[in-house]
2 protein chains.
Amino acid sequence: MSQFDTKTRILDAGEHLFARDGFHNTSLRAITSLAKVNLAAVNYHFGSKEALLQAVIERRLLPLNQLRKKQIDAVLAAAAATGAAPSAKALLRAFIEPTLAFRSAGPGAQDFIALIGRSMSEPDETVRNCFIGLVLPNFRLFFESLQLALPQLPSAVLMARVQFTLGAMSHVMCTSHKPIINDPSAPKPLDDTTLIEQLLQFVTSGLEAPQ
Amino acid sequence: MSQFDTKTRILDAGEHLFARDGFHNTSLRAITSLAKVNLAAVNYHFGSKEALLQAVIERRLLPLNQLRKKQIDAVLAAAAATGAAPSAKALLRAFIEPTLAFRSAGPGAQDFIALIGRSMSEPDETVRNCFIGLVLPNFRLFFESLQLALPQLPSAVLMARVQFTLGAMSHVMCTSHKPIINDPSAPKPLDDTTLIEQLLQFVTSGLEAPQ
DNA sequence: GTCTATAGATTGATAGAC
DNA sequence: GTCTATCAATCTATAGAC
């Protein structure tokens, strides 16, 4: 029953509307109306609008982070077993694939991915911190692992290239099957699986580029 | 005198606050107070808050688009003169460099670049269209030129890779000298010139990657 | 836990004097 | 063109009945 209780319905509605309209452009009234619950229910169950956003993000990001960590650890362990350095592409896959593949988990998941894709460039600091605080440990592990894979790159250069990677990734996350620049003369977009492989190929080549 | 008149002061203040806090999180009162003009002046000179945003974007984006078009045309003309295809890197430079180098034009320009960098993933459609409508012709020219440079890529693949490029670019634009993920243990960021060269190297390698 | 009712603040926009 | 004053709508949050 939990998927039909008040708290979950609020989380689902918040996820959808925050993703579609942005945090500041979404009112509690719109959320409670979509969730078919009373206006006061948000403050009763979550305390405030901002705490609701935090709950929306945590619900899915905590498991996602665990999965990413597990996959990165697996790549590191496999490399350590052979004594070789981990491959950059395997690390990129461990970081990127769980995130983007998660979109297929359903329409709510798709909303969520768009929401956190946009959180990276969110102007409001309190909103951005809701997301960054949860991702930072994961990101540190990812960056340190990449240093093992690409030891020849100065760390400032590697960091810049990782930021380019995050940018490409978050841009894809924001666009749920529709390109940001929606030109009628544009070619038909790739399916999600192909898109992920293309992204991996793109950022691997970029990260491994000569200086 | 025009740089101290009411209209310009409103444009400057709007540019700064829209970039820093986002459109929906910026009030007309905040703008007129920063600009030291009367509250009613915005509606008198621009008609509405949204029309002000449009004016803020147009003021700098129209010249920037002209510059980008000129540089892309120059690359195409040079290639046509030798009978060879244009190089992907030269086209990328023509599209990216004017935008990012424009940050050095001053603090207002820096705000502006962050503002349009975020416009790509702006949730609100009316806000996003303020920006996309102005960029689309420029983008079409860019994409069609790249098809000449990389004729072996299916256009859907090229479009995906160009979207990755836009993502990396807009991410850099959003972060004015401070990385989105601001980790105290992170290396010191690169200076702007080096950053642009690194971005060009990254996206060129990504675009030219084998399939 | 859920509801109504409302407080208290802020918003974009405008009317009308000067 | 600039100002004051204000309208009407919206917002988050809460108090208190049930």
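Remember, it's a predicted structure, so these values are computed and weren't measured experimentally. A, B, ... follow the sequence lines: proteins, then strands. Residue 1 opens every chain.
Within the structure, a side-chain polar atom (N or O) of A:Thr6 is placed less than 4.0 Å from OP1 or OP2 of C:dT2. Phosphate proximity of C:dT10 to B:Ser27: absent, as no side-chain N or O sits under 4.0 Å from OP1 or OP2.
Among the nucleotides C:dG1, C:dG12, D:dG1, the one closest to any side-chain atom of B:His45 is D:dG1. Distances were taken from every side-chain heavy atom of A:Ser48 (C-beta onward) to each of C:dA13, D:dA13, D:dT4; the shortest belongs to D:dA13. For B:Asn38, the side-chain atoms get nearest to D:dT4 when compared with the rest of D:dT4, C:dG1, D:dT14.
Nucleotide D:dC7 holds its P atom 19 Å from the CG atom of B:Leu28, rounded to whole Å. If you measure from atom NZ of B:Lys49 to atom P of C:dT14, you get 15 Å, rounded to the nearest angstrom. To the nearest angstrom, P of C:dT11 lies 18 Å from CD of B:Glu50. Atom C1' of nucleotide C:dG1 and atom NZ of A:Lys36 are separated by 20 Å, given to the nearest angstrom. Atom CZ of B:Arg29 is separated from atom C1' of D:dT6 by 10 Å (rounded to the nearest Å). Per the geometry, NE2 belonging to A:His24 stands 11 Å off P belonging to C:dT11, to the nearest Å. Between the OH atom of A:Tyr44 and the P atom of C:dT4 there is a distance of 17 Å, given to the nearest Å. Note: CG (B:Asn43) to P (C:dG12) measures 9 Å, nearest angstrom.
A:Thr26 comes within 4.0 angstrom of sugar-phosphate atoms only, judged by non-hydrogen atoms across all strands, and of no base.
Within the model, atoms CG of A:Leu76 and CG of A:Leu141 stand 6.5 Å from one another, a figure rounded to the nearest 0.5 Å.
The one candidate from A:Leu146, A:Leu207, A:Val203 that meets the side chain to side chain contact (heavy atoms under 4.5 Å, CB included) condition with A:Arg161 is A:Leu207.
Nearer the 5' end of DNA chain D, as judged by each residue's closest nucleotide, is the contact made by B:Leu39, out of B:Leu39 and A:Ala40.
Judged by a 6.0 Å distance limit and a 45° cone about the ring axis, A:Lys7 is positioned over the six-membered ring of A:Phe46.
Between A:Phe18 and A:Phe23, the ring planes are tilted. Angles from 30° to 60° get that label.
Using a distance-only test at 3.5 Å, with no hydrogens or angles considered, no donor-acceptor pair links the side chain of A:Arg68 to the main chain of A:Ala94.
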